[in-house]
Structures are given as C-alpha cells and as structure tokens.
Asks: 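Before we start, here is the structure in question, set down as structure tokens.
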Amino acid sequence: MSSVIIKGLYKKYENGTVAVSNFNADISEKEFFVILGPSGCGKSTLIRMIAGLEDITEGDILINDISVHSVPPKSRGVALVLKNQTLYPNMSVYENLEFGLRLRKIPKEEIERRIEQVVGILDIGAILDRKTAALSGGQRLRIAMGRAIVQDPKVFLLDEPLLNLDAKLRALMRSELKTLHRTLGKTVIYVTHDQAEAMELGSRILVMRNGSVQQTGTYQELYDSPVNLFVAKFIGSPQMNTCEAELFSNEGRLWLRFGKGYEIALPDTPDSAGLIKYSGKKLLMGIRPTDILLVSGNEEKDHSAISMTVESVELLGTHVNLRLSGEGVGFMVSSPITTRAKAGDDLKVYLNSEKIHIFDSDSERRIN
Ligand code: ADP
C-alpha cells in the first residue's frame, strides 16, 4: 500500500504564479521522503496542499488511497511542522501539547496517555511546566514535534524544521529526527533546500526545480546518475566540475575534447554507440572533484594524465580541495588530507573516464 500518491499536481496562485506544475510522486508507507530544491521552487506550496492549507488548482493527492478532495484538512491524518514553528508563548509546554487535542474533543484520559507517551519519546519531562517563550531553539522544535506526534497522524509533513537552528544544533536535531522516525515508524515527507539534510535523512530524495520534479531516487542514485545538469550540480559538494566539450571518434573509440586541446578516451560501454550522433555537437562534460586523481611521480608515464596548476588549496579536516587551472579549463579536485600540493605547483591529474558525465548543452539532459 502506498502512503501518499501525488498525481499531476498543479498550483497557480491568484496573481498568476505557477508554483507547482505536473508534479508526480509515489511515497511509500513509513518512508522518510525528502523533497529537496532551492528556495522558491514550490516546496512549501506543495506541502501546504498536502496538508489542506492551500487549494489544489489541478491534480490529486491520495493519502492511503483516498483522494484529499473528499477529505477536509483536519481529517486527513497529517500533521505539519513548520520552519517558523509558532508555539503558544503564554502557555506551558504541557498546555501546548494538549491544546490541539482538546479542540478535537479527545477524552481527557486519552490526552494524558498520548502526552505521557510523547514525554517519554522526546525526553521533555523536565520542561513540561515551562512557558514556551523561555525555551531554546532545540527545545521548541522538540515541542513542535511533540504537538505533531500527539495528534497520532498517518503522515508527518516537515517544512524546513531545522532552518533557524545553528549548525551544531541542526546536526544534533537531524540525528534526533532520524531516531524519532525509527521509533514512530510513520511516513515522513520532509522539505529542505539543504542537501546534507536530504542525504542524512531521506530514504529517497525528490529533487524539485521551478515547481516540477527533476529526479527521484536514493542520494547515491542522484549522485552517480543525475538525469540532468541541474541535479548533477545540486547534489554533491563541492559541485561537479563542468566544461564545454566536443565528442569525436578515432580508431573505433569515442573521445572528448575539452579546454584548449585536452583529449580523453571514453570507456567502451554498450551505450557508447548511441553517443556517436552527438559528434561535433556542443556538449558539456562533467566530472566530480573526487573523480580527478593527482598522479604521483611513478605514474607519470600515464598518457591520459593532463598538466594543471594549483591555484588554491582549502584544508578541510579529512581532505583538501584544490582549485586547478589548465589550458582553457579549471577544475576543483578533492584529495586526501595527506596531499602535499600548494598554490603555484604544477602537477598532473588523471580524469577517471568511467566517471565522466556528458550533457547536451541545449536540453541539459545527461546523454551517457
Ligand atoms: P519554497 O518553499 O520552495 O521556497 P514556495 O512554495 O514558498 O517555495 O513558493 C513557490 C513560488 O510561489 C514562489 O515564486 C513564491 O513567490 C510563490 N508564492 C508562494 N506563496 C504565494 C502566494 N500566497 N501567492 C502568490 N505567490 C506565492
């Protein structure tokens, strides 16, 4: 049974802005499903339509096989947690937790039972009597989650809940959310613009741009096989290197030419033949910073190595990022921390041809 199915969803605001367009997704029960995209791409609009806070212009959303068109928002079994979570400041934590349940006329004993359970899960027993105005960012988020959990929803909708926390707390709350998802065993739809959050939390990630779906998959699938340039650049840090390139064949092999005269042979794969039609066309070549290797002294005879110069070195705990420049091309390279290169050094690098991505310059779709 699928938990949430989104079919051909379309949203046009009254001022004419199309925020969501031809949007399809199939979210499994108990999945931690992340919707990842830059600010303004329509994530909040989407989540608000699932919650029933925003009208659907066209299309449908099914929650446990029932169309939301036939179910009022409060009966959809969804609970929403927002980035600017507004708790009632003059109420205690306990009162914040019970408020929604009292509105829904849930019997007192049931309210007490649910709150007791949530207090145990979130470890908030010590702050139940505190006014929420006096809580820290992390505590406020726990209470906001608590308020969602006591509603016993089928689906949690989380809209950038960690946005306003500092980096350290964000990391802590990410791991708390992961544990919470395991404990509760419920479907979570989580919206963010932050790929680190998406990578850590999502069982699958949907990449969104300008209101529509670019690609859905695990982080690894998006990283290894992005369908287009947008996904390729949005996933992975530092970003995938890209440069203009031209395809040609020579002695039965396909080659890419890039920069001012660099050439690299592509691996012979079953689908290489399909690439021949792109010969002479303007293409973009992409390679991740981890797929460019510095050639050490004893490998120098490797003909596929190219010469480049180190522009700058960024030291980062476990690795270094080197910015390299060559003839008409610049690459970022990630290497182990033991790399001894410094700015101004000339060195040779080897591009792993198995890991080269090729994009059509016009459609920006990946073609290999
Ligand atoms: P995100 O959550 O990804 O930042 P939003 O869903 O908030 O994106 O916004 C998507 C687009 O819809 C943006 O162009 C935004 O300006 C527009 N938008 C959002 N809310 C409204 C509204 N109430 N009326 C008109 N346009 C809106």
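When a ligand or atom number is given, it counts from 1 through the structure's own listing order. Numbers here simply count residues along the sequence, with the first being 1.
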Asks: Hey, do the aromatic rings of Tyr10 and Phe23 have their centres closer than 6.0 Å?
Replies: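 No.
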Asks: Return the set of residues passing salt bridge (charged side-chain N to carboxylate O under 4.0 Å, His left out) with Arg365 (not counting sequence neighbours), or none when no residue passes.
Replies: none
Asks: Determine whether Ile6 and Ile50 satisfy the following criterion, side-chain contact (heavy atoms from CB on, under 4.5 Å), listing intermediate values before the conclusion.
Replies: CA-CA 9 Å; Ile6 304 175; Ile50 304 173; 4.1 Å; yes
Asks: Using the test side-chain hydrogen bond (donor to acceptor under 3.5 Å, both in side chains), find all partners of Glu95 that sit at least two apart in sequence or belong to another chain.
Replies: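 Glu95 satisfies side-chain hydrogen bond (donor to acceptor under 3.5 Å, both in side chains) with Ser92 once adjacent residues are dropped.
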Asks: Would you please indicate if the ring centroids of Phe32 and Tyr190 are separated by under 6.0 Å?
Replies: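 Yes - the distance between ring centres of Phe32 and Tyr190 falls below the 6.0 Å cut-off.
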Asks: For a quick check: using heavy atoms under 4.0 Å, what are the residues in contact with ligand 1, sorted by chain and number?
Replies: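 Lining ligand 1 at under 4.0 Å, by heavy atoms, one finds Tyr13, Asn15, Thr17, Ala19, Pro38, Ser39, Gly40, Cys41, Gly42, Lys43, Ser44, Thr45.
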Asks: Please identify each residue that fulfils side-chain hydrogen bond (donor to acceptor under 3.5 Å, both in side chains) with Tyr223, with sequence neighbours left out.
Replies: Thr290
